[in-house]
Amino acid sequence: MAELNARGGGRRRRTRNEINMVPFIDVMLVLLIIFMVSAPLLPSGVVDLPSMGKAKQAPEKVVEVVLDSDEQVRIRVNRGDWSSVSVHAMAAQVKDIQDQADGGPSTAPVIISARKDIRYDSVMQVMDLLQRAGVQRVGLSVRTNGG
């Protein structure tokens with residue numbers, strides 16, 4: 001027997017290929033306790049969202065701006081006739097219409113709308129042109145029926 005041990009053929013200790021999960025479980029339980037203790041102390045995440053209500057009085061004059069293409073815009077005042085203008089001439093014309101409103105300068109709201117196939121970037125450029133020209137109360141139209 002002494003010869004077997006000397007040659008290395010005797011009983012050797014085998015390595016185990018198992019992972020010890022106890023430290024992992026301990027760390028996870030500590031993290032769980034930390035989150036359970038700190039969760040009630042965090043401020044609540046209440047967000048005040050804007051709501052769409054009804055106006056007390058409808059405005060006397062409403063200017064509608066509709067994007068037909070990237071370079072053409074239609075303008076309508078108080079659901080009257082449409083007039084087509086270029087995007088660059090539109091800002092000055094809308095500013096003149098708004099200044100002529102009965103309620104005084106800059107009181108007539110301007111509503112921008114566009115077809116589905118118009119890029120959102122074009123809508124934002126029109127809005128930017130109107131605001132740079134000094135047009136007040138510029139908004140985007142919304143579809144309320146969801147269809």
4.5 Å side-chain heavy-atom contact, Leu67 and Val123: yes

Side chain to side chain, Val65 and Arg74, heavy atoms closer than 4.5 Å: no

Holding to side chain to side chain contact (heavy atoms under 4.5 Å, CB included), I want the full list of residues that pass it with [X], two or more places apart in sequence or in another chain.
X	value
Asp121	Arg119, Gln125
Arg76	Glu64, Arg79, Trp82
Met21	Ile19, Phe24, Ile25
Ile111	Val62, Ser141

Co-members of Val30 in a cluster of I, L, V, M, F, W and Y side chains, linked at under 4.5 Å: Ile34

Side-chain cluster (under 4.5 Å, hydrophobic types only) that Leu42 belongs to, other residues: none

Set of residues satisfying side chain to side chain donor-acceptor pair (under 3.5 Å) with respect to Asn20, sequence neighbours excluded: none

Counterpart residues, side chain to side chain donor-acceptor pair (under 3.5 Å), relative to Gln93 (two or more places apart): none

Euclidean distance, [Y] [atom2] relative to [X] [atom1], rounded to 0.5 Å:
X	Y	atom1	atom2	value
Met36	Leu29	CE	CG	10.5 Å
Lys95	Leu130	NZ	CG	10.5 Å
Ser38	Ile33	OG	CD1	11.5 Å

Cluster check Tyr120, Val126: I/L/V/M/F/W/Y, side chain < 4.5 angstrom: yes

Salt bridge (charged side-chain N to carboxylate O under 4.0 Å, His left out): pairs with one or both residues in residues 18-37, sequence neighbours excluded: Arg16-Glu18

